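The structure appears right after this line, and notes come after that.
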Number of protein chains: 2
Amino acid sequence: MRRTKAEAEETRNSILHAAERVFYEKGVSNATLDDVAKAAGVTRGAIYWHFSNKTDLFLELYNSVSLPLEDMIARDIEQPASGVLAFIEKLTVDWLDELASDEHRQRIFTILLRCGYGEDLMPVLERQQEVDDRHIASLESAFARAGNEGYLSANWTPQSATKALWWMVGGLCTEWLLFGRRFDLAAEGREGLKRLFASFRPATIDVAARAPADVHSIA
Amino acid sequence: MRRTKAEAEETRNSILHAAERVFYEKGVSNATLDDVAKAAGVTRGAIYWHFSNKTDLFLELYNSVSLPLEDMIARDIEQPASGVLAFIEKLTVDWLDELASDEHRQRIFTILLRCGYGEDLMPVLERQQEVDDRHIASLESAFARAGNEGYLSANWTPQSATKALWWMVGGLCTEWLLFGRRFDLAAEGREGLKRLFASFRPATIDVAARAPADVHSIA
DNA sequence: AGCCATACAAACAGATATGTATGTTAAAAT
DNA sequence: ATTTTAACATACATATCTGTTTGTATGGCT
């Protein structure tokens, strides 16, 4: 049954896709390689041919999506300082929209959230932290540029604004993913971000403004 | 080797404590009952005497801490509307302080965060959501009382303020617990909450206030 | 004092997952 | 055309882990 190289690559991908579904449904450590094999329509022999063991399969699964994950940072935030806040807000809203519509990412994130990180898959954890740190640094510098030119409320510093945004989005996504997606991620996120970014901007006429002026937040 | 009732209760507790440590270190589904037994200084026979199986042990472990977990909501927020925001802020800061200093709660929360919730321990998930929902409702009503008397910025609604606070605290704790407690939870939380609650309050003199007036936020 | 239920330990049986070794077929290489 | 070797399937050997059963010494009750 020797297959052609293209076919072999095909089965390898089908194994990865099956692993994603099975790991998501049963949890990484609770899923057996036979589950993955059956879900992929092959036997465990095929898995052991393409991967050396389960943790290796998990690592390869992570690698197969880590690049599109990191490219978010690629698009540098090179905007005129006056538009930086709106740009970050739009970027975040877009990110939420993507997550809400891409079941692939949802499964990957969910798996990563509750996989446990027991000794062997520490490299995943470290790469994740590294990506996060760079992302946070990028956000901080953007907020700093806005702040230097007076576009950031005196209430906030670049660091605190970055953390507030990071934690709020993180908490939002975590609750949505871990607790059964019980609400509209994109809509709730958009609403919350609108309020948060309104508080980031220096107030012009906030006193006695009972009816919110509904300043457009994006563009 | 029949022990007295007090001694039996003692071993039961030591099993629960051992389960907490082992579940935290190896993950619930990855930990074996023999690990727990050895950590507790007993054999599996003792565990099967006190508990019917692993999920039952997990449920009892959860029950042993769920009450002190729920009592947070007990202390109702019965404050004069003018002090509600400061009271909520102090409550949240206290909560973070407690978590930061109580390794017991840290382990429980970490276990709950990454335990996977596979079919059998759905009751835990449902009770958790129920507690959360009541807590959120309580916060919302408190913010609503503040808002009705003009103590909430026009930027925020009771619902949006509740969610922003909830998600930010959740994201903060999740990152701290899941990623190795790499920062000072209490300090960072206090700082972030100070900024967030400052944005919750209606602005009196925000225009041209370049130096943050460092309004005391608690008491 | 004697009896029985309790609180375990130790041994056993069954299922399941893992890793490896071997078999098989067809695609490449020669 | 043969030989080789890649790409699997199948079979097996081993190690856990679980659930249950059996043994047993003691505490508490009469």
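Protein chains get the first letters and strands the later ones, always in sequence-line order, with residue 1 at the start of each. Note that these values count all heavy atoms, side chains included, but never hydrogens, waters or copies made by symmetry. Quick caveat, the model's predicted, so the values are computed rather than measured.
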Options [options], nucleotide nearest the side-chain atoms of [X]:
X     : options               : value
A:T11 : C:dT6, D:dT18, D:dC8  : D:dC8
B:Y48 : D:dT18, C:dT18, C:dC8 : D:dT18
B:A8  : C:dT18, D:dC8, C:dA7  : C:dA7

Would you say [X] reaches [N]'s phosphate, i.e. side-chain N/O to OP1/OP2 under 4.0 Å?
X     : N      : answer
B:T32 : D:dT16 : no
A:H50 : D:dA7  : no
A:W49 : D:dC8  : no
A:T4  : C:dA28 : yes

Pairing donors with acceptors under 3.5 angstrom, does anything connect the side chains of B:N53 and B:T55? yes
Cut-off 3.5 Å, side chains only: do B:Y24 and B:Q106 have a donor facing an acceptor?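 Side chains of B:Y24 and B:Q106: no pair found under 3.5 Å.
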Could you give the [atom1]-to-[atom2] distance, from [X] to [N], as a whole number of Å?
X     : N      : atom1 : atom2 : value
B:E9  : C:dA7  : CD    : P     : 10 Å
B:I47 : C:dA10 : CD1   : C1'   : 15 Å
A:D56 : C:dT18 : CG    : C1'   : 15 Å
A:K54 : C:dT18 : NZ    : C1'   : 10 Å
B:L33 : C:dA9  : CG    : P     : 14 Å
A:N13 : D:dC8  : CG    : P     : 12 Å
A:K38 : D:dT10 : NZ    : P     : 12 Å
A:F51 : C:dG19 : CZ    : P     : 14 Å

Determine the contact category for B:T43: base if any of its heavy atoms lies under 4.0 Å from a base atom, sugar-phosphate if only primed atoms, P, OP1 or OP2 are that close, otherwise nothing. base
Can you spot which of B:H50, B:E20, B:E10 makes a side chain to side chain contact (heavy atoms under 4.5 Å, CB included) with B:I15?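 The side chain to side chain contact (heavy atoms under 4.5 Å, CB included) with B:I15 is passed solely by B:H50 among B:H50, B:E20, B:E10.
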Can the ring centroids of A:F143 and A:W166 be said to lie less than 6.0 angstrom from one another? no
Could you pick out which residue, B:R44 or B:K5, lies toward the 5' side of DNA chain C when each is mapped onto its nearest nucleotide? B:K5
For atom CD of A:E103, decide whether the heavy atoms of other residues, nucleotides or ligands shown that lie under 6.0 angstrom number more than 12.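 Check fails, neighbour count at 12 or below.
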Report yes or no: is there a donor-acceptor pair, N or O only, under 3.5 Å between the side chain of B:R3 and the base of D:dG27?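 Answer no: no donor N or O sits under 3.5 Å from an acceptor.
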Examine the base of C:dA27 for any acceptor or donor lying under 3.5 Å from a partner atom in the side chain of A:R2, and report the outcome as yes or no.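 A donor-acceptor contact between them is present.
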